[in-house]
Amino acid sequence: MTQARKPVIVVHGGAGTWRPERSQAGLEGVKKAAKTGFHILKHGGSAVDSVIEAVEVMEDEGTFNAGYGSSLNIEKRVEMEASIMDGETLQAGAVGLLKDVKNPVRLARVVMEKTDHVFVVGEGAEKLAKTFNLERRKSTTALRLKYYEEQRKALLEGKFELPKLVSLIKDRPELFRLETVGAVALDKNGNVAAATSTGGFPLKLPGRIGDSPLIGCGTYADNQAGACSATGVGEIAIRLVLAKTVCSYMESGKTAQEAVELAIRLVNQRLAATYNSMGLIAVDIHGKIGAAHNSPNLCLAYVTSGKQEPVASLTATVVK
Ligand code: ASP
């Protein structure tokens, strides 16, 4: 049984390094997303509707590595991913390898609500989008093309080798700008939800799937615990089943903030601080929020019932 709660939403616009050229747009974008999501909660809407709408706003911005602003893979093509989880029913939907679906998170919702599956990728997912008349859009911004050229040049100069992801991140973290988007919310009925959307890791191999669409890794929600969305190097979140780990900490009584900090500490300990790019946001079932990262930045915004207006920043608690 769920209890009446004061609604709250937290959104993120990605971990990594936020360069000054995009910082303002990033902060404005997360504020807009948090405000949109909170508006739904304030008027009695569900946590699921709230996180979907918030993520959609960020997919449309072009500033974030999701939807319109998606990073390009090594072949200069977009392959987007997204997921959604409903903490009340434990229903979930996820999509991957999308080329031109305007709002991947919307398609993830179709998978959750209209199919018997959890995860649909590639041609099958595109076909599903067509069946449900979802809008299409070519997802390449001038900024992403610029970043691609910069990253590719570095690659060609032998500054990094793509398959050696570990040494790549360790030696040249500045090459990675990770700005996936995500949202977690608690509605007035005590239901939680989480959603995450991304263009994936820049210069990734075609066919690579990250944590964002993997339930338990990039996204998790359970009314008995809370909700979590991750951003950063997807391979870390997959190997540590990070979003579910955060929820398990909350289920065992930790607050959202304690849970995300413990999880980042786990990343630092278990992966020996090799990776410096992970960020987590969470909300627990009591309405407490949490945000922590070991990346240089985490772009985020939140709205709680007491505040009404979104509070945004480019850092939260940094866990070393
Ligand atoms: N987690 C995403 C991925 O690895 C990237 C990001 O968070 O920006 O695909």
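Counting convention: from 1, in listed order, for ligands and their atoms alike. Position 1 is the first residue of the sequence; numbering continues from there.
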**Q** For ligand 1, which atoms, with element, lie under 4.0 Å from some heavy atom of Thr231?
**A** 6 (C), 7 (O), 8 (O)

**Q** Between Arg208 and Glu235, is there a side-chain N and carboxylate O pair less than 4.0 Å apart?
**A** yes

**Q** Answer yes or no: does an N/O atom from Thr180 fall short of 3.5 Å to an N/O atom of ligand 1?
**A** yes

**Q** Under a single-linkage definition using a 4.5 Å side-chain heavy-atom cutoff for Ile, Leu, Val, Met, Phe, Trp and Tyr, are Leu186 and Val184 assigned to the same hydrophobic cluster?
**A** yes

**Q** At less than 4.0 angstrom from any non-hydrogen atom of Phe201, what atoms of ligand 1 do you find?
**A** 9 (O)

**Q** Just which atoms of ligand 1 are under 4.0 Å from any heavy atom in Gly200?
**A** 9 (O)

**Q** Any N/O of Gly210 closer than 3.5 Å to an N/O of ligand 1?
**A** no

**Q** What part of Arg208, side chain, backbone, both or neither, has a heavy atom within less than 4.0 angstrom of ligand 1?
**A** side chain

**Q** Looking at NE2 of His293 and CD1 of Ile264, how far apart are the two atoms once the value is rounded to the nearest 0.5 Å?
**A** 8.5 Å

**Q** Go through the side-chain N and O atoms of Ser197 and Glu59 and say whether any donor and acceptor fall under 3.5 Å apart.
**A** yes

**Q** For residues 213-221, dump all side-chain donor-acceptor pairs below 3.5 Å to protein atoms at least two apart in sequence or in another chain.
**A**
residue	atom	partner	partner atom	Å
Thr219	OG1	Ser83	OG	2.6
Thr219	OG1	Thr196	OG1	2.7
Thr219	OG1	Ser212	O	3.4

**Q** Would you say ligand 1 has an N or O under 3.5 Å from any N or O of Gly232?
**A** yes

**Q** Starting at NZ of Lys32, measure out to OG1 of Thr63 and round the result to the nearest 0.5 Å.
**A** 9.0 Å

**Q** Just jot down the ligand 1 atoms closer than 4.0 angstrom to any heavy atom of Asp211, in number order.
**A** 1 (N), 2 (C), 3 (C), 4 (O)

